[in-house]
Amino acid sequence: MRRAIIVCCVVGLVAGGVVVWRHGAELLSLGAVTSDMPSPDAGRVTDGVYRNDYFDLAYPLPEGWTQGVGGPGPSANGYYVLETLVPKGEFAGTIMIAAQDMFFAGEEAATTASMIGAVREAMSQVDGMSIDAEPAALSVAGRAMHRVDFSGVGLHRSQFVTEIRCHIVSFGLTARDQELLDKLRASLSGLAFGANKSAPPCVKDFVVADNVVERVEPELVTFEPIAVRLVIGARGDVKHVRAVRASAGQRRALEQALLQWKFKPPTIDGRPTQIETGLLYKSAVAAR
Amino acid sequence: MSRSGLARSYSLASLSAILLGATILSDAAVAQTANQAATQSTAQTQTGTATNRTSRGATDPGVRGGDPGAGDAIANLTEAEQKYFDVAKDVFQEVDGVAEGLGPRFNLDACAGCHSQPAIGGSAPAVNPQVAVAKAANNVIPSFITESGPIREARFVRNRDGSPDGGVHALFVITGRPDAGGCRIRQPDFAGELARNNVVFRIPTPTFGLGLVEQVSDGTLEATLAANGQQKRALGISGRFNRSGNDGTITKFGWKAQNKSLLMFSGEAYNVEMGITNELFMNERENDPSCQATSIPEDTTPMESENTGSPTADFQNDITLFAAFMRLLAAPKPAGAAAPATGTAQAAASTVVASADSVLPVAAGATSRTSSTSTNATATVTRGGQVFANVGCQACHVRSLTTAKSSTAALSNITFEPFSDFALHDMGQGLSDGVSQGGANGREFRTAPLWGVGQRIFFLHDGRTKDLQEAIQQHSSRGSEANNVVGNFNLLSTDDKQALLNFLRSL
């Protein structure tokens, strides 16, 4: 038996080491997923297709493209770099798939139109950047999107955005030449968006005093608000808690406390309905 | 034991081992990555694919020669303030011995020893003074300290028991110095810690213009970080501030923006780098009684006038004068600055800017460059500024900030160009040092201000490279907010890459 346990230990050590060596210490990062619901940043590329269960989307990569360097974890206000894609051969362009949680962003991210307008405004102010195509609404792979094109210093870029689960999901395309950019744009027609049937409808600003029946304060102090996504059941009980960016201790404290909160049963069209919503948790800070 | 119990035991052992293996190797990986990078000036970049590294047609012009354009006081000081600065600058250059409190453990014996390139107040010089200081006391020179390498401090990632360390472990001891008395302590076992991949490094940050930085309000910094949010999002950039555990306000000094003020920065460095206790940091970091020759704190507020020539300085301790020196030290001038980069103090906001579109003097010590290269470089600096903004460098390396109303008129309402947002950004696995400071985690670093970068020799927090282009590439690795910007850089034509490098060396 002792020998068997030793063998298990060795195998475990090697397996753990290999996992961390390959994927780095970010496995232990602030953005780690702590519960069973898919997280926005839990997408992956398999068999030449980027799939994201949270957003229920699939994107067949352009031929000859692969995963690039992984991006950072989620930001404090719910901005995610979901995936970066690069060509396998000559480095001639990049694709970045990102998402901004609309619950925690400013007015600029209130709609896809306002967001793409803000991109246009920001880029037009960069010295040497020209707007090649003004913001426009369009349909890509049967889904409503907004798009803007801009270029400067030999880089040609397109930004496409669409709304999914109260996030603005963006596809940022960059290429050395117009021909490649056209090819990358065309590749977006291969996008497949699921119905996201298992996802509860998202409702902004549900966590207000009038809707909270019972609250338990987390035992934590934070100088900056922590963005939290909640799933609230049809009876007003909290089903799921996910702090967007928090330390392990903060995450634990938030989950323990928020799972005890009770809300008025959320309704849509008068019927009690399970919903997904957001909370910006702020703790009292005593300045010395 | 039952069969199910046996299975549980196996499973538990495997799980424990996996977690143990993962923990041990993740720490080792951080230090190994840092060490490999820090010890190879031509370190492998981590841009994702080998084909990303196709920028070899462009070259770093090297350290800009000519007038340092740094080291003097900010313009428009009053006569009293100028005298105060002059005294403070002298004190900043003082070399301390054991009688003044040096050690028992230390990294160097003078502020100006570390902060000297291209002028007093700057960063690590071409010849590392730590080597001579170490030899004088018969210290063993750690392998990561060389005459032509950067000045470094060393931090250990973990303690022997596996708990997080992250603190500075001074390189040298006073043992063996003629003024050391009976002190017989030994240096840390750096060779052993290196073998355990447990050592990470930091190099000195330049202190030019820090009075301007100190005077920027939190509101301005927060607005700057929020500005152009969509441009940042299009590039994969977010960022956040490090904050004081005392009052929640923004902290902005040091590689991880861990220090609240110039006074705090001075007090901490005097204690940690030179071993001199002071009225902010009262405790010796080495408690061997045979090494405690002086009274604590070693740097105190004088009770009688020091007759320095500055009534203000006469009754001030060293750390206050260090802070004063940095506070009144002018920003570095870019190449061909049309006006002093110190500006004029006016009731309304004034602008402290200098055009970077004129000359780019021949690099100091550059032997491979031709005069035509230099001429071309000059011509492309303006283009380089455009490239800098277009590829997205400017999203974090924000060009200008404006100070708030200051009690020092020369620092009041000044617009200046530090090329930093002073926020923390995730720089990925490749630059991670595994050290947490305040709210900054192991991968987060403050956006390094780029003013004066044209005359800096060593780059990145650990001085791992002298090559600006390599420094750019090192911004990209798994988890870095800069990946997309580096990708944009790698997509540029060789001419535009060169223009960007020339622009940076003009700063």
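Convention: sequence-line order gives letters A, B, ...; per-chain numbering from 1.
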Partner residues of A:Ser187 under the side chain to side chain donor-acceptor pair (under 3.5 Å) criterion, sequence neighbours left out: A:Tyr59
In terms of heavy-atom pairs under 4.5 Å with chain B, which of A:Ala118, A:Gly172, A:Gly106 leads? A:Ala118
Rounded at 0.5 Å granularity, tell me how far [atom1] in [X] sits from [atom2] in [Y].
{"X": "A:Phe223", "Y": "B:Asn242", "atom1": "CZ", "atom2": "CG", "answer": "10.5 Å"}
{"X": "A:Glu224", "Y": "B:Arg240", "atom1": "CD", "atom2": "CZ", "answer": "6.5 Å"}
{"X": "B:Gln230", "Y": "A:Ser170", "atom1": "CD", "atom2": "OG", "answer": "9.0 Å"}
{"X": "B:Asn441", "Y": "A:Ser247", "atom1": "CG", "atom2": "OG", "answer": "10.5 Å"}

Are B:Glu444 and A:Arg245 within salt-bridge range, i.e. N to O under 4.0 Å? yes
Let me know if [X] has heavy atoms under 4.5 Å from chain A in its side chain, its backbone, both or neither.
{"X": "B:Asn488", "result": "both"}
{"X": "B:Ser244", "result": "backbone"}
{"X": "B:Ile237", "result": "backbone"}
{"X": "B:Asn390", "result": "both"}

Please tabulate, for the side chains in residues 91-99 of chain A, all donor-acceptor contacts under 3.5 angstrom to protein atoms that are two or more places apart in sequence or on a different chain.
none

Taking side-chain contact (heavy atoms from CB on, under 4.5 Å) as the definition, give me every residue that meets it alongside B:Pro164, ordered by chain and number, with sequence neighbours left out. B:Arg158
Interface residues of residues 145-160 of chain A facing chain B - heavy atom cut-off under 4.5 Å: A:Gly152, A:Val153, A:Leu155, A:Arg157, A:Gln159
Heavy atoms, side chains only, cut-off 4.5 Å: are B:Arg233 and A:Gln100 in contact? yes
Would you say the side chain of A:Val69 lies within less than 4.5 Å of the side chain of B:Ser480, judging by non-hydrogen atoms? no
Before giving the answer on side-chain contact (heavy atoms from CB on, under 4.5 Å), spell out for A:Val119 and B:Gln231 the whole-Å C-alpha distance, their side-chain angles and the decisive distance to 0.1 Å. CA-CA 6 Å; A:Val119 172; B:Gln231 187 195 3; over 6 Å; no
Closest non-hydrogen atom pair, [X] against [Y]:
{"X": "B:Gln386", "Y": "A:Asp127", "value": "CG-O, 3.2 Å"}
{"X": "A:Ala122", "Y": "B:Asn228", "value": "CB-OD1, 3.9 Å"}
{"X": "B:Ala234", "Y": "A:Met123", "value": "CB-CE, 3.9 Å"}

